[in-house]
Structures are given as structure tokens and as C-alpha cells.
**Q** 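First the structure, then my questions, so here it is.
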Amino acid sequence: MKNLLDGIEEILLMGPGPSHVPPEIYDAMTRKTLGYLDPYFIEIMDDIQILLRKLLNTKNTVTFPVSGTGSSGMETCFVNLIEPKDSVLILVNGVFGKRMIEVASRLRAHVTPIEFEWGTPILEEKVETEIFKQDYKIVAAVHAETSTGVKNPIENIAKIVKNTNSLFLVDCVTSLGGIQVNVDDWGLDAVYSGSQKCLSCPPGLAPVTFSEEAFSTVLNRNQKVPNFYLDVSLISEYWSGEKKRTYHHTAPSNMLYAFYQALQLIFNEGIENVFKRHNDSHKELVKRLEEMDLQLIVEKPYRLPMLNAVRIPDNVDDVKTRQFLRDNYKIEIGGGLGTLAGKIWRIGLMGSTARLENVERLSRALIQILKNK
Ligand SMILES: Cc1ncc(COP(=O)(O)O)c(C=O)c1O
């Protein structure tokens with residue numbers, strides 16, 4: 001029987017994730033699978049926690065990768081913190097803010113959304129006027145809105161949230177590993193991310209961290225966390241080095257090797273160098289796009305380096321162009337989501353993809369394709 005795996009091609013992943021996976025990470029995944037309580041595996045888990053805390057700039061004990069993609073990180077944060085009828089304020093300027101509303105509503109929270117125009121950032125002044133109207137248990141926002149390429153001013157919003165009794169829950173799926181995420185200094189209470197963006201792993205893990213206050217909120221719930229698999233108090237008993245480790249679910253060991261290797265690569269390169277590589281690639285991409293008369297939809301101060309949302313010219317077919325790029329140049333870029341579908345391309349410079357040679361390769365391809373329009 002034909003094995004379809006033999007037909008997988010090398011596609012340069014320049015979309016909204018997954019990003020390019022370096023050979024060291026594929027290599028890590030082929031190491032021998034160990035049992036979930038094997039002492040050597042536990043040593044690897046301990047090191048993962050140390051490195052992850054360093055990347056998140058936190059001392060939070062409750063810091064580990066959840067088994068699942070970025071959305072499982074989102075579910076984990078909300079399902080552990082929300083009890084029915086809790087008030088939740090969600091700041092929305094794209095698809096992933098909207099997904100937060102969906103997740104929180106399913107948990108029967110009373111959700112108040114504040115919406116901002118897509119392609120523009122969350123406005124602190126608006127948050128400041130709304131936030132004191134009610135006592136919200138949670139305020140939630142997305143740091144890097146992958147659907148629009150906007151960087152939200154999380155540090156400044158955190159200062160506002162600090163003047164309330166609310167916990168601040170932040171999506172760092174696309175930001176972590178590409179720009180600063182300072183969990184402790186900024187005062188973030190529950191943060192999640194994903195393995196397949198700036199960490200350059202395949203999809204499958206969602207790092208999360210809970211502040212002491214957030215974790216004690218979980219421990220003092222009136223009702224059990226309604227989801228066994230994502231209950232951080234139970235998962236913590238497996239990840240914590242202090243007590244005897246308790247089986248919760250079978251750890252995806254080879255994915256965790258990949259994740260460990262990704263963290264190693266980041267710190268071997270040096271975190272500041274990693275951020276600079278993202279920024280330099282972004283600047284070069286913007287320059288090349290402007291030379292082609294292509295415009296970014298986000299104003300300069302709010303642009304993400306790792307996700308560049310480009311307006312598609314009127315005479316250009318979105319889907320056909322991306323398909324052509326994929327088939328003939330072996331490069332993937334993303335299309336728009338939600339209201340921006342068909343209107344923008346999303347060019348990712350995430351993790352190992354963020355390199356000048358990749359910008360060069362994509363620019364050359366786009367010049368040729370657009371010339372023939
Ligand atoms: C900002 C943001 N949040 C959440 C998610 C959901 O992550 P996943 O698709 O890995 O479940 C994504 C995925 O693109 C994202 O970009």
C-alpha cells in the first residue's frame with residue numbers, strides 16, 4: 001500500500017504557525033520514548049520547567065506545558081478560573097479574543113466583551129473607563145493577535161488591572177519566544193502559549209503559568225474544575241518536584257523532548273538575539289513589501305514582528321496566489337480569518353522561520369508572481 005508520508009514535501013512555513021521546525025527538534029523527537037515516571041524523564045521535566053520559567057520571566061511554581069495545542073492552553077486558563085456566573089471582561093480585537101468569549105461563555109461565565117477595530121490595538125483609555133463599572137473576576141486579552149498582526153499593550157493594561165480585584169489572563173500563543181513576555185514584572189496571573197509558533201516545535205503543547213493568586217483561586221473553588229484533563233491542581237501533582245509524582249495522564253514524552261530542545265535552542269542562541277532576529281527579519285520584510293507597493297494593515301507602532309498582515313491588492317486572487325506559491329515555490333503563507341478573509345495575507349516570521357534568507361526567498365517569489373498579474 002502507498003505510504004503517503006513518503007510524499008511529504010519540504011514546505012517553507014511562513015504562515016501564522018506552525019513555523020519551520022529545525023533539525024535538532026526533529027532529532028529530539030526521535031529519541032527513545034521513556035515512561036512517564038522514569039527518573040530520567042522526570043529530570044527532563046524539571047529542566048523544562050526551569051527553562052520555561054526563564055522564558056516567561058516568572059517564578060510561578062505552576063508552570064508547565066499542557067498536552068494539547070494553544071487552544072488547550074486557553075481552555076486550561078478559563079476552565080480552572082471560571083465558575084458559573086463569574087464576571088469576565090474580555091478585550092477583543094481579533095479572532096482569538098472572540099474565541100476567548102466562546103470558551104468563557106461555554107463555562108457559563110457572564111462575559112462582557114469590549115470590542116476594538118480589527119487591525120488596531122486595545123485602547124487603554126477605553127479599558128480604564130469600563131473596568132471599574134463592575135467587579136470582574138477575570139480580565140482577559142490576547143498579547144499578539146495572530147488574526148490581524150497587532151501587538152496589544154499588555155504591560156499597560158496590566159497596570160490598570162492591578163488597580164482592581166481581577167485576575168489578568170493573557171494569551172501569549174504567538175508572542176512567546178518572539179517578543180518579551182514578563183509574567184511577574186507585568187503582573188500577569190494566567191498565561192498560555194503554543195509550541196508551534198515562535199518556539200518552532202510541531203503543534204501539540206501549550207505552556208501555561210498560573211500566579212500564586214490564580215492558583216489559590218483554583219484551590220479554593222466552590223465546585224470542582226469541570227474538566228479532569230485540564231485541571232491544573234491535578235496536573236501540578238504530576239509536574240511538581242516537591243511531592244511524590246502522581247500519574248494524571250500519560251505525558252507525550254517525545255513532544256516534550258521537542259519542547260525541551262526548543263527551549264535549549266532559544267537559550268543557546270540567547271534570548272535577546274532571538275528577539276533581534278525576529279525584529280530584523282520583520283524590518284527587512286516590511287522594506288521588501290513596500291518596494292512591491294504592498295501595505296501592512298497595522299500602524300507601525302503596533303505591528304508584531306512575527307506576524308505581518310498584508311493587504312491583498314485588488315487585482316490579485318488570494319487563494320490562487322497562495323496555492324501557486326505553495327505549489328511552485330514551496331512556501332506557505334496564511335490567508336485572513338473572519339472579517340479579514342480574502343482581504344489580507346498573514347506572513348509569519350516565527351521562531352526558526354524568522355531569517356533574512358527566508359524573507360529574501362519569499363520576496364523574490366512574490367515579485368515574480370505579482371509581475372505576471
Ligand atoms: C493568538 C492565538 N491564540 C490561540 C490560538 C489557538 O491555538 P491552536 O490553534 O494551537 O489551538 C492561536 C492559533 O493560531 C493563536 O494564534
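Order of listing sets the numbers, starting from 1, for every ligand and every atom in it. Any value given below was found using the heavy atoms of this structure, including those in side chains, with hydrogens, waters and symmetry copies removed.
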**Q** Just wondering, are more than 12 heavy atoms of other shown residues or ligands nearer than 6.0 Å to CG in Asn163?
**A**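 Count over threshold, so yes.
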
**Q** Do Lys197 and Met306 come close enough that some side-chain heavy atom pair is under 4.5 Å?
**A**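 They are not in contact (no side-chain heavy atoms under 4.5 Å apart), so the answer is no.
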
**Q** Which protein residues have a heavy atom closer than 4.0 Å to any atom of ligand 1, listed by chain and number?
**A**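 Heavy-atom contacts below 4.0 Å: Thr69, Gly70, Ser71, Phe96, Arg99, Val142, Ala144, Thr146, Asp171, Val173, Thr174, Gln196, Lys197.
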
**Q** Write out all pairs satisfying salt bridge (Lys or Arg N to Asp or Glu O under 4.0 Å) with one or both partners inside residues 93-105, taking only residues at least two apart or from two chains.
**A**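 Listed once each, the pairs are Lys98-Glu115, Glu102-Arg106.
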
**Q** Checking Tyr329 now: which residues fulfil ring pair (Phe, Tyr, Trp, His ring centres under 6.0 Å) with it, not counting sequence neighbours?
**A** none

**Q** Mark yes when over 12 heavy atoms from residues, nucleotides or ligands other than Glu360 sit less than 6.0 Å from its CD; otherwise mark no.
**A** yes

**Q** Cluster partners of Ile8, using ILVMFWY side-chain heavy atoms under 4.5 angstrom, listed by chain and number?
**A**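 Leu5, listed by chain and number.
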
